[in-house]
Amino acid sequence: MKQKPQISKSMDLASTTRDLDTWPKISTFMIETDECESWKQTHRSFTGWVKDFGTSIGLKEGIVWRYFTAGKYFQELRVLLNDQGISTPTLDKLSPKVSPENLEILSKLERAAPIDSIIELANKVLDSQITRNELKKHWAVYRPLLQGKTARGLGVTTPKLNLSSPQQMDGLAHADIAKALLFSKGKWTGWNTPSLFRLFFDVTPDHGPAEEYVVFDAVAVVKRDEISPVEIHGIEITTSAMVFGLSKHLLMEKQKPYCDYLWIAIKDKELLPHDGQIPKNVGLITVSKGVIEIVSAPKELNVRSPQSLDLAKGLLLQLLTHQPS
């Protein structure tokens with residue numbers, strides 16, 4: 001049986017908190033206090049105890065709550081990794097170099113990404129081999145699978161990826177293509193090492209309401225080198241052969257005035273079209289198990305239209321709002 005942590009209302013730090021010198025130790029102490037309910041000795045609620053506890057160790061309430069939730073998630077993650085034969089330390093022995101913020105992002109990803117991706121990312125998080133920015137990019141790829149649902153609110157069921165749903169499986173295949181494009185460093189654009197490569201998802205040109213609504217699954221901003229002009233690559237991502245139907249052809253004809261190059265990215269080679277099914281001047285790439293292969297390169301569309309400025313404004317708007325850097 002766990003021994004109850006003892007802490008008085010006046011916070012006798014000499015006896016209760018002198019060894020709490022890392023966030024994993026702080027989190028362990030908080031979790032044990034919660035599980036043993038020893039906070040009831042001095043407070044009416046655990047929330048009240050957390051607030052006073054944070055003050056006693058010189059940390060803001062929001063920070064100690066983050067340590068608490070990160071520690072709780074790590075304990076769940078440790079069970080998952082141990083089931084996969086991956087040994088991990090207990091929370092109190094966890095390296096303080098492991099970022100609680102990264103664990104927080106990983107906990108969100110676990111609801112939307114497949115298990116193999118989570119295990120790969122978890123190993124990188126625990127080895128401090130991945131940045132917060134990279135994790136945010138993964139979250140940007142998989143978050144749409146949850147269709148805007150969150151785990152917030154009393155009595156709300158935590159949304160998770162449902163592999164038995166054909167719609168979510170299709171969305172997962174879409175996300176896998178998006179992830180491969182995002183982390184490709186832009187080699188598929190025609191330049192092996194572009195000086196600038198930035199990918200945006202679900203981009204809508206910013207124009208007046210009178211204009212016809214157009215949306216891009218993805219848009220890449222590319223520069224070959226420091227003195228080259230910026231190139232705009234539009235990408236239509238698909239997981240089915242429906243992309244080669246009339247409706248998609250019409251959509252891509254509407255997209256052409258907005259960008260310098262236009263691509264179709266499909267799930268795998270099994271969906272390769274017959275001759276004549278690809279819209280004129282549009283490039284084609286396949287993505288299978290994270291590997292991108294160029295089937296045919298696009299031709300430059302020689303954009304000199306007002307729509308290209310509308311797309312640039314749409315990209316700027318997304319950059320200034322929610323898109324991770």
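Hydrogens, waters and symmetry mates are skipped; everything else that's a heavy atom, side chains included, is used.
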From CA spacing to verdict: side chain to side chain contact (heavy atoms under 4.5 Å, CB included), His233, Val219: CA-CA 6 Å; His233 294 246; Val219 173; over 6 Å; no
CZ-OG distance between Arg132 and Ser99, expressed to the nearest 0.5 angstrom: 5.0 Å
In one Ile/Leu/Val/Met/Phe/Trp/Tyr side-chain cluster, 4.5 Å: Ile232, Leu309: no
Donor-acceptor contact present, side-chain Glu35 to main-chain Met30, <3.5 Å: no
Leu199, Ile292, Val291 screened by side-chain contact (heavy atoms from CB on, under 4.5 Å) with Ser184, the one that passes: Ile292
Ser228 and Asp225 side chains, donor-acceptor separation under 3.5 Å: yes
Shortest non-hydrogen separation from Leu20 to Phe53 and the atoms involved: CD1-CZ, 3.7 Å
Any side-chain donor near an acceptor of the partner, Glu293 and Trp188, under 3.5 Å: no
Electrostatic pair Arg66:Glu104 at N-O distance under 4.0 angstrom: yes
Single-linkage hydrophobic cluster, 4.5 Å side-chain cutoff, Ile235 and Leu251 together: no
Heavy-atom check, side chain of Ser296 versus side chain of Leu284, under 4.5 Å: yes
Side chains of Leu59 and Ile26 in contact at under 4.5 Å (non-hydrogen atoms): yes
Lys51 atom NZ: more than 12 heavy-atom contacts under 6.0 Å: no
Donor-acceptor contact present, side-chain Thr321 to main-chain Leu317, <3.5 Å: yes
Pairwise side-chain contact, Val64 with Ile57, heavy-atom cut-off 4.5 Å (strictly under): yes
Test item: Asp217 side-chain N/O and Ile237 main-chain N/O as donor-acceptor pair under 3.5 Å: yes
From CZ (Phe46) to NZ (Lys40), nearest 0.5 Å: 12.0 Å
Exam field: side chain Arg78 to backbone Pro89, donor-acceptor pair closer than 3.5 Å: yes
Under 3.5 Å, which donor-acceptor pairs link side chains of residues 121-130 to any protein atom two or more places apart or in another chain?
{"residue": "Asn123", "atom": "ND2", "partner": "Ile119", "partner atom": "O", "Å": "3.2"}
{"residue": "Ser128", "atom": "OG", "partner": "Lys97", "partner atom": "O", "Å": "3.3"}
{"residue": "Gln129", "atom": "NE2", "partner": "Asp127", "partner atom": "O", "Å": "3.2"}

Closest non-hydrogen atom pair between Ala180 and Gly290, with its separation: CB-O, 3.9 Å
Distance-only side-chain donor-acceptor flag, His43 / Asp52, under 3.5 Å: yes
Asp310 (side chain) donor-acceptor with Pro205 (main chain) under 3.5 angstrom: no
Distance-minimising heavy-atom pair for Pro298 and Gly283: CB-N, 3.3 Å
4.5 Å side-chain heavy-atom contact, Trp49 and Thr42: yes
Side chain to side chain, Val282 and Lys256, heavy atoms closer than 4.5 Å: yes
Min side-chain heavy-atom separation His174-Lys179 under 4.5 Å: no
Donor on one side chain, acceptor on other, Lys299 and Tyr261, under 3.5 Å: no
Candidate pair Arg198 and Leu319, rule side chain to side chain contact (heavy atoms under 4.5 Å, CB included), full reasoning: CA-CA 10 Å; Arg198 182 71 180 271; Leu319 181 64; 3.3 Å; yes
Approximate separation, where rounding is to 0.5 Å, of Leu94 CG and Thr28 OG1: 8.5 Å
Heavy-atom donor-acceptor pair, Ser107 side chain to Tyr73 backbone, under 3.5 Å: no
Distance (rounded to the nearest 0.5 Å) between Leu106 CG and Arg111 CZ: 11.5 Å
Residues Thr131 and Glu134: side-chain donor-acceptor under 3.5 angstrom: yes
Residue pair Ser95 / Trp23: nearest heavy atoms and the distance that separates them: O-NE1, 4.5 Å
Reported CZ-to-NZ distance for the pair Phe197 and Lys185, which is rounded to 0.5 angstrom: 11.5 Å
Step-by-step side chain to side chain contact (heavy atoms under 4.5 Å, CB included) determination, Phe74 to Val98: CA-CA 10 Å; Phe74 171 76; Val98 176; over 6 Å; no
Straight-line distance of Ile86 CD1 to Leu80 CG, nearest 0.5 Å: 8.0 Å
Sub-4.5 Å side-chain heavy-atom contact between Leu196 and Val222: no
Pair Thr204-Leu311, side chain to side chain contact (heavy atoms under 4.5 Å, CB included): steps then yes or no: CA-CA 7 Å; Thr204 303; Leu311 181 56; over 6 Å; no
Any side-chain heavy-atom pair of Phe216 and Asp202 under 4.5 Å: no
Main-chain N/O of Lys93 paired with Lys25 side-chain donor or acceptor, under 3.5 Å: no
Short side-chain to backbone donor-acceptor contact, Thr33 and Phe29, under 3.5 Å: yes
